[in-house]
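First up is the structure itself, then whatever we jot down about it.
If you're wondering where the values come from, they're calculated on a predicted model, not measured in any experiment. Each chain gets a letter, A, B and so on, in the order its sequence line appears, and its residues count up from 1.
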Amino acid sequence: MRNGHCDLALRVFDAMPLRNSVSYNAMISGYLRNAKFSLARHLFDRMPHKDLFSWNLMLTGFVRNRRLRDARVLFDSMPEKDVVSWNAMLSGYVRSGHVEEAREVFDKMPLKNSISWNGLLSAYVQSGRLEEARRLFESKSDWELISWNCLMGGYVKRNMLGDASSWNIMISGYCQSSDITQARNLFDMMPQRDSVSWAAIIAGYAQNGHYEEAMNMLVEMKRDGESLNRSTFCSALSTCADIAALELGKQVHGQVVKTGYENGCLVGNALVGMYCKCGCIDEAYDVFEGIQHKDVVSWNTMLAGYARHGFGRQALTVFESMIAAGVKPDEISMVGVLSACSHTGLTDRGTEYFHSMNKDYGITPNSKHYTCMIDLLGRAGRLEEAQNLVRNMPFEPDAATWGALLGASRIHGNIELGEKAAEMVFKMEPHNSGMYVLLSNLYAASGRWVDVGKMRLKMREVGVEKTPGYSWVEVHNKIHTFTVGDCFHPEKGRIYAFLEELDLKMKREGYVSSTKLVLHDVVEEEKKHMLKYHSEKLAVAFGILTIPDGRPIRVMKNLRVCEDCHNAIKHISRIVGRLIIVRDSHRFHHFSDGICSCGDYW
DNA sequence: ATAGGGTTAG
């Protein structure tokens, strides 16, 4: 049963001359483990003498299958309940975000253990109610200390305090609400860290853009004697993905193989994600194929990977295979599908998916799906339809919605619509510098230099700045940072010599950089500088990347960048195959075939 | 058998 041989187990079960509740329970638990829910239920219903174990098994079965109502009915009809039953019911409410009901169950429980406390704690954390979580967290340690002190004395007290779970919940809670300082405080304060704590804090740093700190913590962790396991591998790989640190990611991959986690789902997913974000789509697919039990996340990661690389059709093929494999797509899958269609120009097919996703897969379009659709219609020049969608959508349009409309206006040179959309974005996100640049480019493309000047003034008034671009390239596991006209890098002599040479090669290959949208109103001198800067960035990314691999330098020919993304080029971080990876102040963007797949507009 | 963390889009 444990190895997934349900049929074999059933044959044994049927052949048994005598069956007690243990045999039934084993069979039921096996069915549940192998996701054969209805078979489990069937057997449970026919069971002559159910013991507490069987009831609990079935209850957790309902809870795991998100059938809260059924779970409640079963729970209420149980002849007797123990702490496991109560906790299972509690976790049902927690998983589905019913905080009040969770609280009610918690209060009614005749006996609570640490699982109950942590369950309620994570209910608060998941719904963003950190204050309440904090209060509960603090009262929990009091409660434990007092009761365990009274009951059993010092040994157990130490044990309970050493339990890192509730600390970990709080740490990840603060990380998710971007309060990394508070998270770090708890991390430093906690009496005993485990691998989960490390994974949480590292992921926290990475998710909030503190990549260096995340890497430092990874080193700290090893120094602390914590070895890499499933959780920390995941954090490490996801950090590598975020900073496009391919070399390091490959090394971690090596470690993963050594420890035998390679074909596991979670680590496998992280690996696929890392290779996708670092531009190695083929390697990503290899790992993907090797994952033994693919879950929704595995499929979603691969799907989004193809979409991001501009391989829209492959992305859709992955989606269809996912359906064929019997995996139910979720909201994220549909975001992937729609963005794949959008970036590949499959307008009609995307529209079909959008309209049938509810009927086919029971997924109601959320605001992200609407934004994808607006983007899809907008790129295809169907601005009228895009506007209608904004008007009729069942959500208040947010900054992303207006951003998509602004992007579409920019592509199709519709100033009136662009101004309208921009006005809304500026109201909602006055410091989103990309949007100012986008509108400014829209003016520039129509030769309205006065308005371009006004934009610049406005940016200064509001206090937004385009963050200076810098490249961040990895050579032999060392991360090098470059800025414009860098004069600090120890290898600068060699690099600049190489740049000159590359510059020549680029010209020989026929690369002409477009001046159309490069800082419109700047004086000629500055313009030249910017252009030089631009090619410098490309060259550094290109050059450094090719040196360690020893691969020949393939210059510019297949590098096409749409005008919208032109500004972004200043931040180029690396170029891999057909993929260009660009860094702004917060994260990395991926471009291919001149299309930015991230949905952020420049 | 029940909790926590780590993986996916934007």
Has the side chain of A:S165 got a donor or acceptor atom sitting under 3.5 Å from an opposite partner on the base of B:dG4?
-> yes
Confirm from the modelled atom types if A:D398 and B:dG10 form a donor-acceptor pair under 3.5 Å, side chain to base only.
->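 Not at all, since no donor on one side and acceptor on the other fall under 3.5 Å apart.
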Quick one: is [N] close enough that its OP1 or OP2 comes under 4.0 Å of any side-chain N or O from [X]?
| X | N | answer |
| --- | --- | --- |
| A:R64 | B:dT2 | yes |
| A:Q207 | B:dT7 | yes |
| A:R95 | B:dA3 | yes |
| A:S91 | B:dT2 | no |
| A:R308 | B:dA9 | yes |

Atom [atom1] of [X] and atom [atom2] of [N]: how far apart are they, to the nearest Å?
| X | N | atom1 | atom2 | value |
| --- | --- | --- | --- | --- |
| A:Q126 | B:dG4 | CD | C1' | 10 Å |
| A:F354 | B:dA9 | CZ | P | 21 Å |
| A:M334 | B:dG10 | CE | P | 14 Å |
| A:R230 | B:dG6 | CZ | C1' | 11 Å |
| A:L237 | B:dG6 | CG | P | 14 Å |
| A:M58 | B:dT2 | CE | P | 14 Å |
| A:N300 | B:dG10 | CG | P | 11 Å |
| A:H369 | B:dG10 | NE2 | C1' | 11 Å |

May I ask you to say what A:N25 touches in the nucleic acid, namely base, sugar-phosphate or nothing, with a heavy-atom cut-off under 4.0 Å?
-> nothing
Could you check whether A:A304 gets within reach of a base, just the sugar-phosphate, or nothing at all, counting any heavy atom under 4.0 Å?
-> sugar-phosphate
Side chains of [Y] and [X]: any donor to acceptor distance under 3.5 Å?
| X | Y | value |
| --- | --- | --- |
| A:N168 | A:S165 | no |
| A:H253 | A:Y275 | yes |
| A:N300 | A:N269 | no |
| A:Y205 | A:R184 | yes |

Do A:E100 and A:R129 sit within salt-bridge range, that is, some charged N less than 4.0 Å from a carboxylate O?
->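 Looking at A:E100 and A:R129, the cut-off is met.
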Which listed nucleotide ([options]) is nearest to the side chain of [X]?
| X | options | value |
| --- | --- | --- |
| A:N118 | B:dA3, B:dG6, B:dT8 | B:dA3 |
| A:V297 | B:dT8, B:dG6, B:dA1 | B:dT8 |
| A:C234 | B:dG6, B:dG4, B:dT8 | B:dG6 |
| A:A270 | B:dG6, B:dA1, B:dT7 | B:dT7 |
| A:I332 | B:dG6, B:dG4, B:dT8 | B:dT8 |
| A:I115 | B:dT7, B:dT2, B:dT8 | B:dT2 |

Main-chain N/O of A:N366 paired to A:H369 side chain as donor or acceptor, under 3.5 Å =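 Side chain of A:H369 to backbone of A:N366: a pair is present.
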